[in-house]
Amino acid sequence: MSKEQFYLGIDMGGTHVKIAIVNSLCNIVEETVIDTDITAKPLDVIKTIISKASKLKNYSKVECIGVGIAGDVNCFDGSVRFSPNLPKWKNVALKQILEKLTKKKAFVDNDANTASIGAFWLDAKAKPVNLVCVTLGTGVGGGLIFNKKLYRGSSCTAGEIGHITVDPSGHKCKCGNKGCVETFVGAKYISKYAVEYLKTHKSPIIDKLVNGDHSKITPKVLSLAAAKGDKAAIAVWSYIGEKLGILFACIVNFVNPDAIVLCGGVSHAGKYLIEPAKREMKSRAFASAVKKCKIVISKYTNKLGVVGAAMLPKL
C-alpha cells in the first residue's frame, strides 16, 4: 500500500489566515487559524504562518504547500503583485520565500482559483469535466476548471467574472468600469440597494431585525427577513438574482460548463437568490447549455479556500 499523502493549505484573508493539513482524499486532518496582521511586513507574516503550521502534528509529513490569497497573483512564479486585503504586500516573492524557509515545494494562486479547486473536489467530487466557481462576498470572483484542470489565462487573471458588464449605464465599479456584476451582487452594493428600496417600500420585519437602523442592513439580514416571508426582502433578492442570472447566461453560453458552484456569504440567500437567477439565465441562454449545467450552492464555503489551496499541486 502507498503511504498516505499530506498537503498544507493556507488561505490568507484580510482578517484571518486559515491553515490546514489535508490528505489525498481532501479531508482536513488538522487545522488552525491565526489573525492577519495587515501592519506587519510580509516576511514576518510568512514566518508566523510557518511557525504556526510547523506545530501541527503531521507537518513533517507534508509534501508541499499551497497558498490562496486575494489579489493579483503571478501564478507562474508564485509572486503576489498586490493584495487589496494586505496593503504592504506588493511584489512579494511568496513561493520563493516559502520554499527557502520550509524546504518544501510551494504553490501560490488567487483565492478565487483555490476556492474553485475546493469546489471541484468537495462539492463536485471531481466529477465535472468543466466547472465554474462563483464567489459571492464583498466582491464577486470566479475560478474556471476546464477538462479537470484549473485555467489561469495568459496573465493569471482568468476568471474575473465579477467585472463582466451586465448594465453599461450602471454603477461605477472600483475596477474603473461601469455596470460590473459586482456592483449589483457584491455584499455592500446589495445593502446599498436595499436601503434605497426601503425608502419607498415598508418592511416591519427588516426594521425589527436592525432596530430601525437601515445602515445595519446586510445580506444576512435580508436572508433572515426573506425566510420570514418579508416581501421587500424577497423583492430585493429577486432584483439581485436577475443580475446574477445575466452573469449565469454569459457563463453558460460562453463556457458551456457542467456545473456552476456558488460560494461565499451572499450565496446563503439560497432559493431567494438562485430561483430568480435561474429564471433570468433560462430566458437569455441556449436551452441545451442550460439543461446540461447544474447550479449548486457549496456546502463547504468555509473550507473551500484552504482545501483548494492544499490541492493546488493536484490541479
Side-chain angles (χ1 to χ4, degrees), residues 110 112-113 115-137 139-155 157-171 173 175 177-186 189-190 234-264 266-299 301 304 315:
N110 176 273
N113 281 343
S116 69
I117 295 173
F120 177 76
W121 288 106
L122 295 177
D123 290 291
K125 310 302 180 189
K127 291 180 181 179
V129 175
N130 302 307
L131 176 148
V132 176
C133 179
V134 180
T135 61
L136 300 173
V140 177
L144 311 174
I145 293 177
F146 299 153
N147 296 320
K148 297 194 174 186
K149 292 290 182 182
L150 181 65
Y151 179 75
R152 296 177 170 90
S154 61
S155 64
T157 56
E160 289 289 352
I161 56 180
H163 301 287
I164 290 176
T165 302
V166 295
D167 183 352
S169 60
H171 310 295
C173 181
C175 75
N177 189 19
K178 278 187 176 181
C180 294
V181 68
E182 184 172 299
T183 65
F184 294 95
V185 187
Y189 294 99
I190 293 173
I234 292 171
V236 169
W237 282 123
S238 181
Y239 174 78
I240 304 303
E242 288 172 5
K243 298 301 183 183
L244 183 62
I246 297 173
L247 174 64
F248 286 176
C250 292
I251 292 170
V252 167
N253 279 346
F254 187 62
V255 178
N256 192 202
D258 302 294
I260 297 175
V261 180
L262 308 180
C263 63
V266 173
S267 69
H268 295 159
K271 66 179 182 179
Y272 303 105
L273 175 67
I274 301 306
E275 288 181 0
K278 285 182 177 179
R279 286 196 298 269
E280 191 70 19
M281 174 182 66
K282 288 178 181 178
S283 73
R284 293 177 179 274
F286 285 112
S288 58
V290 170
K291 186 177 180 180
K292 290 290 290 184
C293 182
K294 292 183 178 179
I295 308 294
V296 179
I297 297 177
S298 177
K299 297 178 181 177
T301 284
L304 294 186
L315 214 65

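Heavy-atom basis, side chains included; hydrogens, waters and symmetry copies ignored. Here, residue 1 is the first one in the sequence, and each next residue gets the next number.
Rounded to the nearest 0.5 angstrom, Leu247 CG and Glu280 CD are separated by 11.5 Å. Going from atom NZ of Lys278 over to atom NZ of Lys271 covers 12.5 Å, rounded to the nearest 0.5 Å. Rounding to the nearest 0.5 Å gives a distance of 5.5 Å between CZ of Phe248 and CD1 of Ile260. Note: Asp123 CG to Lys294 NZ = 12.0 Å, rounded to the nearest 0.5 Å. The CG atom of Leu122 sits 6.0 Å away from atom CG of Leu304, with the distance rounded to the nearest 0.5 Å. The structure places CG of Leu136 at 6.0 Å from CG of Leu244, a figure rounded to the nearest 0.5 Å.
Between Pro276 and Trp237, the shortest heavy-atom distance links the atoms CG-O, 4.0 Å. In terms of heavy-atom proximity, Gly270 sits nearest to Ile297 at CA-CD1, 3.6 Å. Ala285 and Val290 get closest at one heavy-atom pair: CB-CG2, 3.6 Å. Residues Phe184 and Ile240 share a closest heavy-atom pair of O-CD1, 3.2 Å. Arg284 and Ala249 make their closest contact through CB-CB, 3.6 Å (heavy atoms, listed as atom of the first residue, atom of the second, distance). For the residue pair Cys133 and Ala119, the shortest heavy atom distance occurs at SG-CB, 4.2 Å.
Val255 is listed as a side-chain neighbour of Phe146, based on a closest heavy-atom distance under 4.5 Å. The closest side-chain heavy-atom distance from Pro128 to Ile145 is not below 4.5 Å. Taking 4.5 Å as the limit, every side-chain heavy atom of Thr183 sits out of range of all side-chain heavy atoms of Lys243. A 4.5 Å side-chain heavy-atom check between Asn147 and Asn130 finds at least one atom pair inside the cut-off. No side-chain heavy atom of Phe120 sits less than 4.5 Å from a side-chain heavy atom of Val261.
Within 6.0 Å of CZ on Phe286 lie no more than 12 heavy atoms contributed by other residues, nucleotides or ligands. Residue Lys125 places its NZ atom among more than 12 non-hydrogen atoms of other residues, nucleotides or ligands, all under 6.0 Å distant. Other residues, nucleotides and ligands place no more than 12 heavy atoms under 6.0 Å from the OH atom of Tyr151.
Ring planes of His171 and Tyr189: parallel class, angle under 30° (limits at 30 and 60°).
A donor-acceptor pair under 3.5 Å is formed between the side chain of Asn110 and the backbone N or O of Ala112. Listed for the Ser298 side chain is no donor-acceptor partner under 3.5 Å among the backbone atoms of Cys263. Between the side chain of Glu182 and the main chain of His163, no donor-acceptor pair closer than 3.5 Å is present. Proximity of a side-chain donor or acceptor of Lys148 to a complementary backbone N or O of Ala126 within less than 3.5 Å is detected. Counting only distance, with no hydrogens or angles, the side chain of Ser116 and the backbone of Asn113 share a donor-acceptor pair below 3.5 Å. The closest donor-acceptor contact from the side chain of Asp258 to the backbone of Cys293 lies at 3.5 Å or more, if one exists at all.
Considering Val181, Ile251, Val185 as possible partners of Val134, the one that fulfils the side chain to side chain contact (heavy atoms under 4.5 Å, CB included) test is Ile251.
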